[in-house]
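Okay, so here's the structure we're looking at.
Proteins get letters first, then strands, A, B, ... in listed order; numbering begins at 1 in each.
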Amino acid sequence: MDNAGIAAAFDEIAELMEFRGENPFRIRAYSNGARAIRDLDESVQSILADPDRDLAKVPGIGKTLVEKCQTLIDTGSLPALEKLRDQVPDVLIQIARIPGLGAKKAVKLQEELNIQSLDDLRKACQTDEVANLKGFGKKTQASILDGLQIAQASAERIYWSDGDSLARAISRHMEQCEGIETMQWAGSYRRGKETIGDLDLLVVAEEDSPENRNAVMDHFESYADRTQTIGRGETKVSIRVGKAFQVDMRMVAPEQFGAALQYFTGSQAHNIHTRRLAKERGLKINEYGVFRDGEDQPIAGSTEQDVYEAIGLPWIAPELREDRQEFQWASSDQLPDLIDVDDIVGDLHMHTNATDGTATLREMADAAIERGLKYIAITDHSQRVTMAGGLDPDRLLEQWAMIDDIRSEYDGRLMILKGIECDILEKGGMDLPDDVLAQGDWVIASVHYGQKQPRDQITERILGAIENPHVDCIAHPTGRLINRRPPYEVDMDAVLHAAKEHDTIMELNANPARLDLNDVHLAAAKKLGVPIVISTDAHSTDGLDVMRFGICQARRGGLTKDDVVNTLSWTKFRKLVKA
DNA sequence: GCCGTTTTCGGCCCGACTGTTTTCAGTCG
């Protein structure tokens, strides 16, 4: 069982324990354990197998969880989890997913009204049985009925890129409101997380007063795509946009803006850590500022820098705030200078209408120049990818000859590399002969078929590609499509070590549905010194614009300009790939 | 269940909001 599987098991234990009314700190210990394992940059299995290593040294993992990891790896299951699954009916989990309901209320509904399905719950609401239950009432009943509609639609988090479009649209709307001093998005959107569950906007009103705050909140509520106002108080409005997506706006006093921004940016785990550090220094941090114990006057809070400074740390970039490495880096003055989209000068994965792209080679080249790129690689599919009209040797060599021909047109403006996205065949081996690959400048290898093969087999295929001297890069190394398709079972430890050994570059595919490698893998690659290329995998000229989504993920992995090869000037990059 | 520069017990981040209550529990982030 891999780390993701172990983490999922611990998360499920934590979730199920809620319904059993267990000690909340014990529940949190399982959640923390799950997170620690998910964030680990090597496999639990390999740590356990090494007698010189101790998994219990990982913060959040103790003796008990080590034993449970071992059991999961040995047997694939966990008696404690099986028992909980037997004890907790599925309907409880479904009920608790309804906004406003949690484990306690779910249990009460299920036990007192004998609810066996969400349909039972709907009927119980319609007959006022819920409203008559102690601890419930008319309003709760109404919100449950509401929530039954929404629960399904809001189950899925949206891509960061979609959240970004929405946030920009709302920003444009808010910019038309007079009386806003400052506004800033917080939450997982600001942290650049690959998916986001809601949006949080912080606003400081000009001449902060109740009237002015109200005017800003009114304007927020007038957003054209608002479908519902979920709640509105003196400082906060929550609206629903479209079917189910929630957007919160909070009014903040200017002297508290930094503390609020820090607080609402999260992550929760990061905040818990900062507040623990504060406590150790006799301080308290909340969304209003930093306070000495027992005092009412804040000693910091107007900027995030002040908040971090109060606990002796430099400002930490939002993308790093997951309670992974960032506190260790910050306290030892080793925070990475994260890569920026402006650092990118090349794009080394794109398709043309020779296969499944929509634009011609020249159109892609021109679009790359418009975007300030200095070099690109044309990497159409190879023959095995029949659906895309993949290139056989003859067509590929023809395309490469054409690139040779037009290079002079682009001389001094753009270097066009003769590339290919060559399939790694199901049986192993490359889809094009070595003597053909040898004639290209840039060969990326990727898996498209046989994605469901067992771990050993798919890992062997990728290792084979890494060992091939003509292969420069492994594209979308896990094949996952966020919310749609799980990653292939691949031993990423082995792949990264092999990449290091053979000087093979690993791709971070910037497509918002892929973002593959993910942040944890990127951190692992960086630690090993495996070079990364961030590529758009564009299938049209517009497709070149997804680069910035890849940059978000790279930043979350802690990557700097030096970790990413397509930040290199053409002269330096050319030496690297010997093109 | 984890953890330790007040260590092997007794803590574990912090506050808002809601709806239900007459002082609080549950939920959420």
Side-chain angles (χ1 to χ4, degrees), chain A residues 10 13-14 17-19 21-37 55-69 80 95-109 130-144 146-147 154 186-191 193 196-202 230-238 246-248 250-252 256 259-291 293 307 311 321 323:
Chain A
F10 288 169
I13 289 176
M17 285 199 306
E18 295 258 11
F19 296 99
E22 296 271 1
N23 177 345
F25 296 107
R26 198 167 156 241
I27 295 172
R28 193 205 277 176
Y30 275 98
S31 297
N32 285 344
R35 190 169 53 83
I37 282 169
L55 185 60
K57 288 248 160 59
V58 174
I61 307 292
K63 204 167 153 243
T64 308
L65 291 191
V66 170
E67 282 169 15
K68 294 202 185 318
C69 285
I95 295 173
R97 295 233 164 96
I98 295 170
L101 296 184
K104 299 255 165 61
K105 284 188 170 166
V107 167
K108 181 145 189 170
L109 284 167
V130 171
N132 293 326
L133 212 54
K134 189 169 163 57
F136 292 73
K138 284 274 182 201
K139 287 199 176 171
T140 306
Q141 181 171 272
S143 98
I144 289 172
D146 234 22
S154 63
S188 50
Y189 171 55
R190 183 167 180 239
R191 299 203 310 280
K193 206 171 170 188
I196 58 175
D198 60 14
L199 281 170
D200 297 283
L201 181 63
L202 301 186
I230 300 163
R232 174 165 171 170
E234 284 176 23
T235 61
K236 179 187 165 187
V237 195
S238 295
Q246 183 169 337
V247 185
D248 297 341
R250 291 181 167 82
M251 303 300 305
V252 180
Q256 299 170 341
L261 185 57
Q262 198 281 328
Y263 179 88
F264 287 110
T265 296
S267 67
Q268 190 178 37
H270 177 89
N271 285 356
I272 288 172
H273 197 136
T274 56
R275 280 172 256 164
R276 201 178 72 227
L277 293 178
K279 218 171 184 176
E280 287 167 12
R281 292 168 170 255
L283 301 171
K284 182 179 74 171
I285 298 182
N286 59 26
E287 62 262 54
Y288 303 114
V290 182
F291 301 84
D293 282 347
V307 174
I311 51 173
R321 298 182 195 171
D323 194 18

Exercise. Which side chain to side chain donor-acceptor pair (under 3.5 Å) pairs, counting each pair once, include a residue from residues 132-142 of chain A, with sequence neighbours left out?
Worked result: A/Asp128-A/Lys138, A/Asp128-A/Gln141
For this session: Mind checking A/Asn32 for me? I need base, sugar-phosphate or nothing, with any heavy atom below 4.0 Å counting as a touch.
Result: nothing
Extract all donor-acceptor atom pairs below 3.5 Å that involve side chains of residues 284-291 of chain A and protein atoms in other chains or at least two apart in sequence.
| from | atom 1 | to | atom 2 | distance (Å) |
| --- | --- | --- | --- | --- |
| A/Asn286 | OD1 | A/Tyr288 | N | 2.8 |
| A/Asn286 | OD1 | A/Gly289 | N | 3.2 |

Exercise. Hey, is the side chain of A/Thr64 poking within less than 4.0 Å of OP1 or OP2 on B/dC2, counting only N and O atoms?
Worked result: yes
Under-3.5 Å N/O pairs linking protein and nucleotides 3-7 of chain B:
| from | atom 1 | to | atom 2 | distance (Å) |
| --- | --- | --- | --- | --- |
| B/dC3 | OP1 | A/Gly60 | N | 2.6 |

Exercise. Can you check whether A/Tyr288 has a side-chain N or O nearer than 4.0 Å to OP1 or OP2 of B/dA16?
Worked result: yes
Exercise. Does B/dT18 pair with anything, Watson-Crick or G-U wobble, both distances under 3.5 Å, and if so, with which nucleotide?
Worked result: B/dA25
Exercise. Is there a donor-acceptor contact under 3.5 Å from the side chain of A/Asp198 to the main chain of A/Gln246?
Worked result: no
For this session: To the nearest Å, give me how far apart CG (A/Asn23) and P (B/dG11) are.
Result: 13 Å
Exercise. Which whole number of Å gives the distance between the P atom of B/dC9 and that of B/dG15?
Worked result: 31 Å
For this session: State which residues pass side-chain contact (heavy atoms from CB on, under 4.5 Å) with A/Lys236; sequence neighbours excluded, sorted by chain then number.
Result: A/Ser238, A/Asp248, A/Arg250
For this session: Remember a base hit wins even if backbone is also touched, and classify A/Asn286 as base, sugar-phosphate or nothing at under 4.0 Å, heavy atoms.
Result: sugar-phosphate
Problem set entry | Toward the 5' end of DNA chain B, by each residue's nearest nucleotide, A/Tyr30 or A/Arg276 | A/Tyr30
Exercise. What distance, rounded to whole Å, do you find between the two C1' atoms, one in B/dT8 and one in B/dG1?
Worked result: 14 Å
Seminar exercise, completed: Closest non-hydrogen contact found for A/Leu261 with A/Ala186 is CD1-CB, 4.2 Å
For this session: Quick one, give me the B/S/- string for nucleotides 19-29 of chain B, reading 5' to 3', where B means a protein heavy atom under 4.0 Å from the base and S means that only happens at the primed atoms, P, OP1 or OP2.
Result: SSS----SSSB
Seminar exercise, completed: Closest non-hydrogen atoms of A/Arg321 and A/Arg190, given as atom of the first, atom of the second and distance, are NH1-NH1, 3.6 Å
For this session: Could you check whether A/Ile27 gets within reach of a base, just the sugar-phosphate, or nothing at all, counting any heavy atom under 4.0 Å?
Result: nothing
Exercise. What integer number of Å spans the C1' atoms of B/dG11 and B/dT18?
Worked result: 29 Å
For this session: Check every strand shown and say whether A/Lys236 touches a base, only sugar-phosphate, or nothing at a heavy-atom separation below 4.0 Å.
Result: nothing
For this session: Classify the glycosidic conformation of B/dT7 as syn or anti, calling it syn when the angle lies within 90° of 0.
Result: syn
Exercise. Do A/Lys68 and A/Phe10 meet the cation-pi criteria used here (NZ or CZ under 6.0 Å from the six-membered ring centre, within 45° of the axis)?
Worked result: no
For this session: Using atom types as modelled and distance alone, determine if a side-chain donor or acceptor of A/Ser188 lies under 3.5 Å from a backbone N or O of A/Arg191.
Result: no
Exercise. Base, sugar-phosphate, or nothing for A/Thr274, non-hydrogen atoms under 4.0 angstrom?
Worked result: nothing
For this session: Kindly write out the residues that satisfy side-chain contact (heavy atoms from CB on, under 4.5 Å) with A/Arg35, not counting sequence neighbours, or none if the list is empty.
Result: A/Asn32, A/Asp39, A/Ala269, A/Asp323
For this session: Determine the interatomic distance between P on B/dC12 and the same-named atom on B/dC17; round to the nearest Å.
Result: 24 Å
